[in-house]
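Working notes, structure below.
It should be emphasised that the depicted structure is a prediction, and the values quoted were computed from it without experimental measurement.
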Amino acid sequence: MSEVHQGRRRLLAALTVGGGLVAVGGGPALVTNARGLSGYEGAIIATWRHSDSTDLPLSSARRELVRYATLAANSHNTQPWQFRLSDRSVLVLSDPGRRLPAVDPDEHHVFASLGCAAENMVQAARAFGLRAAPSYDPAARGIRVDLEAAPPERTDLFDAIPYRQSTRALYDGRSVPPEHLRLLETAGNGDGVRMLLFTERQQREDILSYLVAGNSAQMDDVAFVEELESWIRFSYGEALSTRDGLFSKSSGSPVLPGWIGRLVFSQVFTRDAENRKYESQLRSSAGVAVFVSDKNEPAYWAEAGRSCQRFALQATALQLRHAFINQPVEVPAVRGQFATYLGIGGRRPDLVMRFGYGPELPKSLRRPVEHVILGA
Ligand SMILES: Cc1cc2nc3c(=O)[nH]c(=O)nc-3n(C[C@H](O)[C@H](O)[C@H](O)COP(=O)(O)O)c2cc1C
């Protein structure tokens with residue numbers, strides 16, 4: 001049975017808990033859903049697009065670079081960033097109101113997310129006739145992206161930006177040709193960041209054991225589950241009003257009125273069900289990439305983010321899907337064991353991604369650029 005069908009069966013079972021079926025599909029609910037769907041689709045088209053022109057004056061180009069930055073991967077889609085614009089640079093800063101203290105107590109993922117955003121700026125800048133040079137600014141605790149004029153160049157990675165998505169679905173198990181693995185390797189290795197690629201069946205099984213250990217620990221952690229639930233957007237209305245968070249539809253789950261979604265969440269979202277889902281998802285993947293930076297510091301966490309965003313764009317350009325499976329690096333006790341398995345000495349494994357060939361899922365939304373530019 002497919003994973004989506006299993007999910008729907010669990011959902012139906014949950015809806016009948018307590019003796020009676022909760023009414024989900026009444027007339028008014030269907031009308032609201034249809035209206036929500038068209039609003040959501042319109043917002044997606046407006047969000048995930050290339051600029052009409054790349055021949056723009058610097059002030060407009062800078063704003064477009066920020067828009068491309070916001071299309072980057074980021075933890076729980078909190079969009080934990082703010083951008084301070086000055087004449088020839090953009091400072092990418094964290095937004096303290098969008099932290100995830102349970103899953104990310106040391107803000108590793110915040111800085112990785114800022115790195116993902118900076119990498120999109122680097123890739124986009126070239127198309128706008130600019131060279132973007134990011135460097136970590138310890139005083140600002142952010143990434144300073146300096147801009148200078150350069151010959152315009154449109155690359156495959158730039159073209160891929162509006163098509164990239166985290167695809168939390170079953171893939172088809174096909175392996176990736178060696179020449180494409182080499183391109184992924186080139187993209188994923190970075191300044192102070194090494195990417196380890198695992199494509200053997202036994203390696204996937206080994207990594208699965210750390211994934212299940214990390215996931216089990218997280219599912220038993222009330223603070224983790226509550227934090228995750230608070231960022232899930234169950235309905236079109238919730239997704240459209242916040243334009244952030246994890247839209248259930250983007251993970252292949254049904255769209256429900258928020259109150260029903262929250263009611264059934266605890267029934268459907270169980271440790272065993274999630275572990276089974278990850279088992280089948282990882283076994284359906286062509287491989288796993290692990291990003292390991294040289295030092296356990298914010299500047300390097302950001303570089304790891306840059307590397308994984310580049311990897312994701314290269315994968316997208318090759319028609320490959322990808323999804324983060326960070327459980328092995330998010331639970332400190334499991335992370336130590338995982339580091340030993342990887343043989344990386346005292347270094348910290350930063351991020352884990354699976355990849356392979358699979359379907360496209362509905363995309364997640366982003367807040368408008370004006371909301372993330374300081375002083376706009
Ligand atoms: C640092 C970081 C950690 C992430 N961890 C996970 C994860 O463990 N599991 C997961 O499914 N997605 C993870 N994601 C993916 C985000 O949830 C995703 O990027 C976000 O929801 C936006 O969706 P999009 O990538 O499709 O644009 C992570 C992303 C980043 C940058």
Side-chain angles (χ1 to χ4, degrees), residues 42-74 77-98 110-164 191 240 242-244 298-299 302-303 305-306 309-310 312-313 316 363-376:
I44 288 294
I45 291 167
T47 303
W48 293 93
R49 62 177 176 82
H50 272 300
S51 305
D52 295 335
S53 167
T54 50
D55 184 14
L56 296 174
L58 181 60
S59 60
S60 310
R62 232 177 17 206
R63 189 184 175 286
E64 279 302 280
L65 295 190
V66 172
R67 190 179 68 74
Y68 278 105
T70 65
L71 300 182
N74 65 94
N77 198 23
T78 62
Q79 304 163 39
W81 40 54
Q82 307 180 91
F83 300 83
R84 189 183 299 285
L85 310 188
S86 38
D87 186 28
R88 294 245 149 220
S89 71
V90 176
L91 195 53
V92 187
L93 297 164
S94 69
D95 180 341
R98 292 176 169 269
V110 169
F111 286 98
S113 300
L114 300 188
C116 293
E119 185 58 33
N120 267 14
M121 292 182 80
V122 169
Q123 298 301 332
R126 297 167 70 175
F128 287 86
L130 293 165
R131 197 179 80 86
S135 59
Y136 184 71
D137 180 339
R141 276 179 65 79
I143 305 171
R144 186 191 151 109
V145 183
D146 288 319
L147 302 170
E148 62 177 43
E153 188 191 358
R154 205 177 166 116
T155 63
D156 288 350
L157 269 59
F158 168 67
D159 279 336
I161 292 176
Y163 302 101
R164 185 208 59 81
D191 197 9
L240 279 167
T242 63
R243 289 180 177 245
D244 63 13
E303 283 299 329
R306 286 190 61 195
Q309 180 71 18
R310 237 179 3 255
L313 292 175
T316 305
K363 292 179 101 67
S364 58
L365 284 169
R366 294 295 190 271
R367 291 174 296 146
V369 176
E370 301 72 47
H371 289 208
V372 296
I373 295 181
L374 288 167

For the residue pair [X] and [Y], what are the closest heavy atoms and their distance?
X    : Y    : answer
T70  : W81  : O-CZ2, 3.5 Å
L91  : A140 : CD2-CB, 3.9 Å
I143 : P134 : CG2-CB, 3.8 Å
C116 : A73  : CB-O, 3.4 Å
R62  : D87  : NH1-O, 2.9 Å
A160 : L313 : CB-O, 3.5 Å

Qualifying residues under side chain to side chain donor-acceptor pair (under 3.5 Å), relative to [X], sequence neighbours excluded:
X    : result
D95  : none
S60  : none
R367 : Q79

Indicate yes or no: at least one non-hydrogen side-chain atom of V369 is less than 4.5 angstrom from one of E64.
no
List in chain and number order the residues that pass salt bridge (Lys or Arg N to Asp or Glu O under 4.0 Å) with [X], two or more places apart in sequence or in another chain; answer none if no residue qualifies.
X    : result
R49  : none
D146 : R144
D191 : none

Say you draw a straight line from [atom1] of [X] to [atom2] of [Y]; how long is it, rounded to the nearest 0.5 Å?
X    : Y    : atom1 : atom2 : result
S113 : N77  : OG    : CG    : 9.5 Å
K363 : I44  : NZ    : CD1   : 7.5 Å
Q309 : M121 : CD    : CE    : 12.5 Å
R154 : T54  : CZ    : OG1   : 6.5 Å
L374 : L93  : CG    : CG    : 6.5 Å
E303 : S135 : CD    : OG    : 9.5 Å

Residues in side chain to side chain contact (heavy atoms under 4.5 Å, CB included) with [X], at least two apart?
X    : result
P368 : R243, E370, H371
A125 : L65, L130, A132
A299 : Y136
S53  : D55, L56

Show your reasoning for whether side chain to side chain contact (heavy atoms under 4.5 Å, CB included) applies to R98 and V110.
CA-CA 9 Å; R98 292 176 169 269; V110 169; over 6 Å; no
By ring-ring contact (aromatic ring centres under 6.0 Å, His included) - contacts of Y68 (at least two apart)
H50, F158
According to the salt bridge (Lys or Arg N to Asp or Glu O under 4.0 Å) rule, which pairs have a member within residues 114-137, sequence neighbours left out?
E119-R306, E119-R310, R126-E153, R131-E148
Look only at the side chain of N74 and the backbone of T78, and say whether a donor-acceptor pair between them is shorter than 3.5 Å.
yes
Quick one: does R366's side chain have a donor or acceptor within less than 3.5 Å of a partner on A72's backbone?
yes
Residue pair L71, R164: steps toward the side chain to side chain contact (heavy atoms under 4.5 Å, CB included) verdict
CA-CA 9 Å; L71 300 182; R164 185 208 59 81; 5.8 Å; no
